[in-house]
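Sharing a structure with you now.
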Amino acid sequence: MATLEVEALDVHYGGVHALRGMSLTVGEGEIVALLGNNGAGKTTTLSAVSGLVRPTAGKIVFDGADVTRARPEAIVRAGLVHVPEGRRVFSTLTVHENLQIGGYLVRDQAEIRKRVDRVYSLLPRLAERRTQQGGTLSGGEQQMLAIGRALVSGPRLLLLDEPSMGLAPLVVASVMELVREVNAEGVSVLLVEQNAKAALKIAHRGYVIESGACVLGGSARDLRGDSRVVEAYLGGL
Amino acid sequence: MSQLIWNGLFVGSFYALVALGYSMVYGIMKLLNFAHGDIYMLGAFTGFAILGAVGGISPGMALPALLGVLVVTMGVTGLSGVLLERVAYRPLRNAPRLSLLITAVGASFTLEYGMRAAAGADPQVYPLRLGGTSAEILGARITLQQIALIIVAVALMVGLNLLVTRTREGRAMRAIALDPRTSALMGINVNAVISRTFFLGSALAGAAGVMAGAYYGKIDFLMGFLIGLKAFTSAVIGGIGNIPGTMLGGLLLGLLESFGTFWLGGEWRDVFAFGVLILFLSVRPTGLLGERVTERV
Amino acid sequence: MTAPGATRAPALGRAASRLLDSRWAGLAGLVLALLAPFVIATPYALSVMTSAAIFVMLASGLNMVVGFCGLLDLGYVAFFAVGAYTSGVLSTRLGLPLLATVPVVIVVTVIAGVVIGAPTLRLRSDYLAIVTLGFGEIIRITANNLDVTGGPSGIYGIPSLATSPVVFYYLTVVIVSVAVIGASRLGRSRLGRAWRFVREDEDAAEAMGVHTYKIKLAAYIAGAVWGGLAGVLFAGQLSAISPGSFTFLQSALVLMAVVLGGMGSTPGVVVGAIVISLLPEVLRDFAGYRFFAFGVLLIIVMLVRPQGLWPHRSREASS
Amino acid sequence: GCGQGLLGGDSQAGDGKGPIVLGMLIPQSGSEAAIGPYMKNAADLAVEEINGKGGVLGRKLELKVADDACDAQTAVAGANKLVTEGVQVSVGGYCSGATLPTLPIFGKANIPMIIPAANSQELVDQHLKHVFLINGTGSQQATAAMAWITKRGAKSVALVHDNTSYSKDIAVRTQKLLDEPGGPEAAILEAVTPKESDYSANINNILAKKPDFVYWTGYFQEGGLIIRQLRQSGYKGAIMVGDGSVSEKLASIAGDAGEGVFATMTQTPDTLQGAEGWVASYTKKFGSAPGPYTNQAYDGVRLAAEAIKNAGATDGAKVIAALEGIDGFQMFSGPLKFTPDHTLSAGGFQILVVKSGKFALQDALK
Amino acid sequence: MSLLSVEDLRLSFGGLLAIDGLSFTVGEAEIVSVIGPNGAGKTSAFNCVTGFYRPTAGRILLSGREITGMRPSGIAGLGVSRTFQNLRLFGEMSVLDNVRAGAHLWLRQNFVDALLHTPRYRRTERECTEQAHHWLDFVGLRGDRFGEARALPYGEQRRVEIARALARRPALLLLDEPAAGLNHGEKAEMLALIRRIRELGIATVLIEHDMGLVMEVSERVVVLNFGREIADGRPEDVRRDPAVIEAYLGRDDEDDEDDTDDTDDTDDTDDTDGKGGADGKGGADDGDGGGDGDA
Ligand SMILES: Nc1ncnc2c1ncn2[C@@H]1O[C@H](COP(=O)(O)OP(=O)(O)OP(=O)(O)O)[C@@H](O)[C@H]1O
Ligand SMILES: Nc1ncnc2c1ncn2[C@@H]1O[C@H](COP(=O)(O)OP(=O)(O)OP(=O)(O)O)[C@@H](O)[C@H]1O
Ligand SMILES: CC(C)C[C@H](N)C(=O)O
Ligand SMILES: [Mg+2]
Ligand SMILES: [Mg+2]
């Protein structure tokens with residue numbers, strides 16, 4: 001059964017019609033990549049799924065429950081966690097507090113501590129910066145913090161919006177590895193990436209969206225071989 | 001000298017108590033809640049009404065009775081604060097932040113003149129007085145009531161500070177202050193947290209209102225205006241959104257007023273207080289304990 | 001290069017927005033203001049309309065500071081007071097006609113702008129708010145305590161600019177119109193753009209070579225001069241001024257006019273000022289309930305139009 | 001409406017046979033809002049009584065009230081509104097600061113002003129033909145205060161005011177009298193900020209000078225608090241308040257501390273023999289006892305009616321002349337005759353004292 | 001004499017040494033890349049050069065003139081322009097106004113001109129607008145120029161920021177991760193753009209994590225690690241430097257293959273499926289926003 005089903009979603013920003021009949025599914029335990037040009041509607045799709053923007057039409061089903069009109073916090077409670085575009089760390093909270101906020105819905109203090117420690121071991125740079133204010137971190141460090149924060153909340157489905165943006169090549173590799181590990185533990189992932197190559201390497205399936213709708217979908221292997229994808233997103237061979 | 005300090009601290013602890021609510025609300029929503037002082041007024045009148053309804057209270061029972069009234073009043077003003085936020089502020093959450101200034105001033109007028117319609121323009125006299133036998137301590141005349149009031153105030157403040165800095169609720173408040181959208185992505189129910197913040201802040205203001213009514217004895221429908229202004233000032237001196245800072249800010253303002261009156265006379269008091277405040281802020285632009293925000297570029 | 005959005009806008013909408021273009025709306029407003037006395041010219045109406053016009057001038061001055069430059073000023077009335085008192089003192093003590101005091105008022109308000117602005121403009125908005133509030137109070141209390149300013153009872157017997165209220169009204173309308181147009185022109189110029197850059201993002205503005213400190217000071221000075229000149233008109237209208245007219249509430253009302261109309265929008269601010277100054281008069285018959293009604297209306301208006309009555313449009317005309 | 005524009009005819013309302021309109025500018029909102037209802041009620045009472053006896057010159061009286069919020073700008077609008085509504089005599093004015101800018105407005109419209117309460121010297125100093133004050137002036141009150149201070153044998157007097165023009169005026173004038181050689185000394189002139197609750201800092205200043213007499217010249221709200229806090233701080237000497245503080249509320253705010261507090265005040269219904277009836281009828285009609293300036297407002301309306309009757313017309317100049325000619329008209333403050341300055345020839349100030357929560361006559365200062 | 005020279009720069013935050021004795025130079029019309037792991041101090045170095053951070057020690061010279069400790073606008077006045085790692089556009093202003101900001105320093109116009117609308121005012125305003133259009137054309141902006149900048153998609157906003165920096169007519173341009181968040185085709189356009197900027201005779205310093213772009217466009221590469229310079233040289237040399245591989249690039253040869261793509265097509269029109277960008281009403285963003293005002 002699919003963890004996430006998005007059906008014929010429409011989103012408007014005032015007069016801008018950003019999504020036009022967007023549909024996709026994320027299966028249980030899958031990593032699904034979402035590719036597309038700037039302005040294609042990737043961020044909007046994630047925002048609609050996590051309840052940040054209200055769709056004007058369409059349906060979003062998470063774990064069999066309709067969450068189309070649910071509030072963001074209810075969606076998080078259901079286990080769907082969104083790492084937003086542009087990192088959005090809490091600037092005057094320390095790194096540690098940022099991570100604790102990630103565990104806001106977890107009542108068990110010991111459990112939060114355990115998860116935070118795990119993030120520190122996965123992303124050791126954050127451990128070094130434990131008491132620094134989030135806003136003073138370097139761009140890449142902030143990106144790590146944003147991902148780490150989401151992991152603390154213990155998601156069942158993780159939405160990642162361009163997690164590799166601003167990361168050094170070495171770190172991109174390790175973040176992708178991290179995503180794979182998390183996925184191996186049973187977390188489904190919907191991954192928006194401009195670094196299509198890196199994304200398709202770890203994804204099971206992928207979609208290409210243009211002008212607010214999917215124009216292509218298939219297994220990662222198929223997409224890697226598709227000439228259109230290659231030309232626009234992977235670089236001509 | 002010690003009298004000056006004591007007077008300043010006592011007045012200052014009232015400012016601080018009202019300022020705490022101001023600061024919390026400001027901290028979380030960046031809202032200059034002009035109606036906050038009027039919630040204080042509402043508290044004073046609520047206490048007045050309850051005492052009036054209960055009728056004669058023997059002097060021996062004054063303090064326990066007052067504590068009871070305090071609790072009920074805090075509930076009433078807390079809920080009023082929540083209602084205020086619901087009606088006048090929440091719908092404007094996404095509007096430019098100064099838009100809230102209009103509804104806040106509107107709410108302030110509504111509360112003030114609503115109370116005028118309900119209770120009249122004449123000042124009212126509290127049915128229950130904390131009269132004063134004073135003792136001389138370290139050269140200052142201090143009444144037992146003053147000490148009791150200060151203890152209540154400090155206890156409320158300390159509790160609040162623990163709440164904000166140590167608990168997840170407090171973290172959520174600070175997160176919302178920084179970025180409500182992302183806070184929602186953390187599973188924080190932004191509306192509920194804001195409501196609770198309003199409840200707490202308004203309850204504190206209500207408590208201060210009852211305490212002022214019982215101690216000073218006179219209440220009127222405009223009594224919240226000036227103290228609202230001073231609360232705002234205290235909150236800023238302390239470093240907005242910072243609870244211990246706000247406490248210190250209130251006390252400092254009280255002391256400034258006390259010493260300003262002494263050195264320059266009553267008519268120049270506020271010039272002195274504001275003058276020092278301006279000088280101080282030009283040296284420390286984020287207040288006493290305000291966080292130095294290093295914006296990254 | 002063409003802008004697809006502009007070409008696709010329906011013709012009707014475009015015509016409407018042309019019509020609402022500040023120039024035409026402004027002209028219409030001016031004509032309305034000039035014709036009003038032909039409809040009603042009772043002393044009451046004239047005095048209320050004159051006050052409203054002066055209030056418009058105040059609001060357009062504050063709009064430069066708050067709306068354009070994003071500096072929250074809660075003590076704007078300080079400049080109003082400085083202007084009114086300067087002209088009041090000079091005209092009563094030295095027997096100068098009111099008009100002759102204007103150059104001095106300009107000089108004094110510029111100085112006041114610098115004095116108040118210089119030490120405070122480094123502060124972030126909330127702190128700036130309290131400092132300006134403090135300055136407003138300091139000015140009022142000082143006027144209340146000094147002898148030259150007539151202490152708490154203030155100055156009376158200030159000569160008017162005109163013998164008849166009608167003439168004074170027309171004079172005010174003309175001066176205020178010039179001031180509003182001036183503020184709006186400043187707002188669209190290099191300086192005005194710099195104000196908006198500062199409002200939007202100080203760091204980015206600095207990176208573009210905008211000396212943010214000087215630019216903010218310029219906004220302050222401009223606001224001070226507008227406020228001061230409004231003060232001269234105020235002194236002329238009332239003939240008596242006292243510290244009671246320059247309280248914090250007055251500052252708050254001017255700020256409300258700016259926000260209610262729509263920050264940074266010239267027509268908005270004019271409308272906002274007119275609403276804020278006329279509404280209490282309209283509600284006069286409610287007597288004791290007057291401010292109750294005022295408060296309720298303020299809330300309702302804002303809930304209906306959260307961006308202000310006539311908000312600023314950031315879309316440029318593509319010409 | 002039509003005909004009110006620049007091109008319209010010069011319609012002077014009220015010239016005909018309709019009611020004679022009196023205008024009253026009083027604070028109904030703002031910091032002094034508490035006063036408005038007292039003065040309005042009193043005026044209504046007077047109008048009703050006069051109309052009950054057939055009105056004036058065969059015409060009924062009508063009262064128009066406008067709010068001045070104790071604020072100059074609101075007052076100017078209000079005054080203009082009254083002028084526009086065809087008011088023939090103004091019987092309002094409580095706050096001097098708000099009344100001051102309205103003088104030229106009524107003046108230009110040729111409307112006589114009988115000012116029942118506002119009494120700052122600036123109102124007098126302009127020597128305006130149309131302005132009449134029926135409250136005692138600041139200097140008269142200061143003289144009365146001085147007389148009582150001397151009579152009490154006080155040595156060192158603290159003068160406390162709220163930095164408004166009225167209050168400061170009395171305090172400063174009293175200080176001048178005290179500064180004359182011999183007799184009691186002015187220990188301190190202390191200003192407080194109105195509308196606050198805690199005056200301990202000011203009281204600290206006062207007590208440091210060890211006065212044996214404190215004179216508060218502001219209003220009753222602060223007065224009550226100051227008295228209470230003075231006593232709480234251990235002050236044992238005499239306390240006196242000015243006319244702005246004469247209200248039973250003062251005593252109830254001050255509580256026990258209020259007993260024995262003196263006041264300088266023009267005669268009030270409570271201290272006048274035979275006025276009980278008036279107090280009773282006021283209380284019956286409005287459900288509460290008269291308060292500050294209730295009787296002055298009442299007398300203001302009666303005086304206006306008297307002047308119009310004497311003038312035989314409502315024309316401004318004639319009414320002014322009639323007012324100047326008034327001699328011996330009975331008011332609460334005594335028989336009336338204006339000085340050339342258009343003030344009361346004698347302030348009529350007496351010394352009252354608080355006895356079981358009420359103001360009673362202590363000394364008529366005759 | 002080099003255009004920019006940084007001498008023994010140090011910067012610390014409390015105990016943390018963000019920059020630890022950094023020296024490098026940039027010559028006229030040169031393209032220099034600064035690379036290094038996250039948190040190496042690249043952005044901090046930019047902030048020092050542009051006056052946003054005050055260095056703890058060291059000197060910064062622009063054409064031989066010391067600029068250490070000057071305020072940012074002063075340094076901008078000497079011909080230095082920059083973009084920001086986290087976009088810093090004037091979000092609620094039109095795209096054109098954003099670019100006009102770059103013209104602030106050379107626009108000769110005073111408040112009298114503005115009040116009276118003198119001929120000089122009209123002339124300078126027209127010139128300013130023309131320039132703004134010119135630079136938007138130059139960076140190849142496709143989206144709506146008359147609407148709010150924040151309604152543009154991310155990649156377009158990047159272009160606007162560059163156009164704004166260019167409108168300043170700088171001698172030295174600092175770009176902080178201009179290709180972040182761009183997909184492959186868009187990166188190719190960015191590459192072409194940087195080359196065209198160099199043709200204008202503007203020296204460019206580039207912070208970038210995309211090695212393909214860096215290797216392709218740079219004349220020289222400076223590598224930082226922990227605030228210290230660990231390499232400085234020609235791209236081909238730097239990429240083979242073991243220290244650089246160790247600290248930054250890693251040994252993943254698969255990535256290499258990806259990064260060596262030869263995107264020599266300098267024309268910027270190969271990506272025609274790119275959107276026309278946000279059109280329609282500019283300011284109609286009432287869905288979110290909220291958190292304005294920092295502090
Ligand atoms: N707040 C907004 N107001 C108006 N239009 C918006 C807003 N946010 C997004 N849009 C528009 O909606 C469309 C889709 O934007 P979205 O951010 O979802 O794209 P994206 O695929 O995430 O692009 P990128 O790769 O640049 O992040 C774009 O045309 C964009 O301009
Ligand atoms: N204001 C500050 N306060 C404290 N530490 C800071 C501050 N600014 C930067 N730092 C620290 O200095 C180090 C260098 O940061 P900088 O932003 O220069 O890194 P960077 O090289 O640009 O990294 P990235 O590639 O991730 O953007 C980081 O570890 C960062 O946490
Ligand atoms: C006691 C009051 C009648 C004095 C009055 N408020 C005045 O300002 O003159
Ligand atoms: Mg996106
Ligand atoms: Mg960086």
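Naming convention: chains lettered A, B, ... in sequence-line order (proteins, then strands); numbering from 1 in each chain. Just so it is clear, the structure is predicted and the values come from calculations on it, not from any experiment.
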Who among C:S239, C:P152, C:G151 has the most heavy-atom pairs with chain D under 4.5 Å?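 Heavy-atom pairs under 4.5 Å are most numerous for C:P152.
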
Side chain, backbone, both or neither: which part of D:T164 has an atom under 4.5 Å from a heavy atom of chain C? backbone

Do side-chain atoms of D:N80 reach the backbone of C:L46 as a donor and acceptor pair under 3.5 angstrom?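 No; zero donor-acceptor contacts below 3.5 Å.
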
Reported CZ-to-CD distance for the pair C:F55 and D:Q73, which is rounded to 0.5 angstrom: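 So the CZ of C:F55 and the CD of D:Q73 are separated by 8.0 Å.
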
Tell me which of these, C:G244, C:G154, C:P280, C:S153, has more heavy-atom pairs under 4.5 Å with chain D than the rest.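 Heavy-atom pairs under 4.5 Å are most numerous for C:S153.
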
Residue part contacting chain D, namely of C:S245, when any heavy atom lies under 4.5 Å: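 Both backbone and side chain.
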
When you measure from the side chain of D:T84 to the backbone N and O of C:Y44, does any donor-acceptor pair fall under 3.5 Å? yes

Choice from D:T193, D:D169, D:T74 maximising heavy atom contacts with chain C below 4.5 Å: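 It is D:T74.
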
Answer yes or no: does atom NZ of D:K195 have more than 12 heavy-atom neighbours from other residues, nucleotides or ligands under 6.0 Å?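 Yes.
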
Residue selection (most heavy-atom pairs with chain D, distance under 4.5 Å) from C:S47, C:A45, C:S51, C:G150: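 Of the candidates given, the most pairs with chain D belong to C:S47.
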
Closest heavy-atom contact between C:N145 and D:N163?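 Between these two residues, the closest heavy atoms are OD1-ND2, 3.0 Å.
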
Kindly give the heavy-atom pair with the smallest separation between D:A77 and C:V48, and that separation in Å.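 In terms of heavy atoms, the two residues are closest at CB-CG2, 4.2 Å.
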
How many angstroms lie between OG in D:S29 and CG in C:L283, if you round to the nearest 0.5 Å?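 Those atoms lie 11.0 Å apart.
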
Going by an N to O cut-off under 4.0 Å, is there a salt bridge joining D:D67 and C:R284?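 Salt bridge between D:D67 and C:R284, a charged N being under 4.0 Å from a carboxylate O: no.
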
Nearest heavy-atom contact between C:S242 and D:G97 is OG-O, 4.4 Å

Is atom CG of C:L34 surrounded by more than 12 heavy atoms (other residues, nucleotides or ligands) closer than 6.0 Å? yes

Please name the residue in the list D:L123, D:L103, D:D125 that meets the side chain to side chain contact (heavy atoms under 4.5 Å, CB included) test with C:Y156. D:D125

Chain C heavy atoms under 4.5 Å from D:A66: which part of the residue, side chain, backbone, both or neither?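 For D:A66, the contact with chain C is made by backbone and side chain together.
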
With a 4.5 angstrom heavy-atom cut-off, which part of D:K81 approaches chain C: side chain, backbone, both or neither?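 For D:K81, heavy atoms of backbone and side chain both lie under 4.5 Å from chain C.
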
Contact part of D:S167 toward chain C, heavy-atom cut-off under 4.5 Å: side chain, backbone, both or neither?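 Contact with chain C involves no heavy atom of D:S167 at all.
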
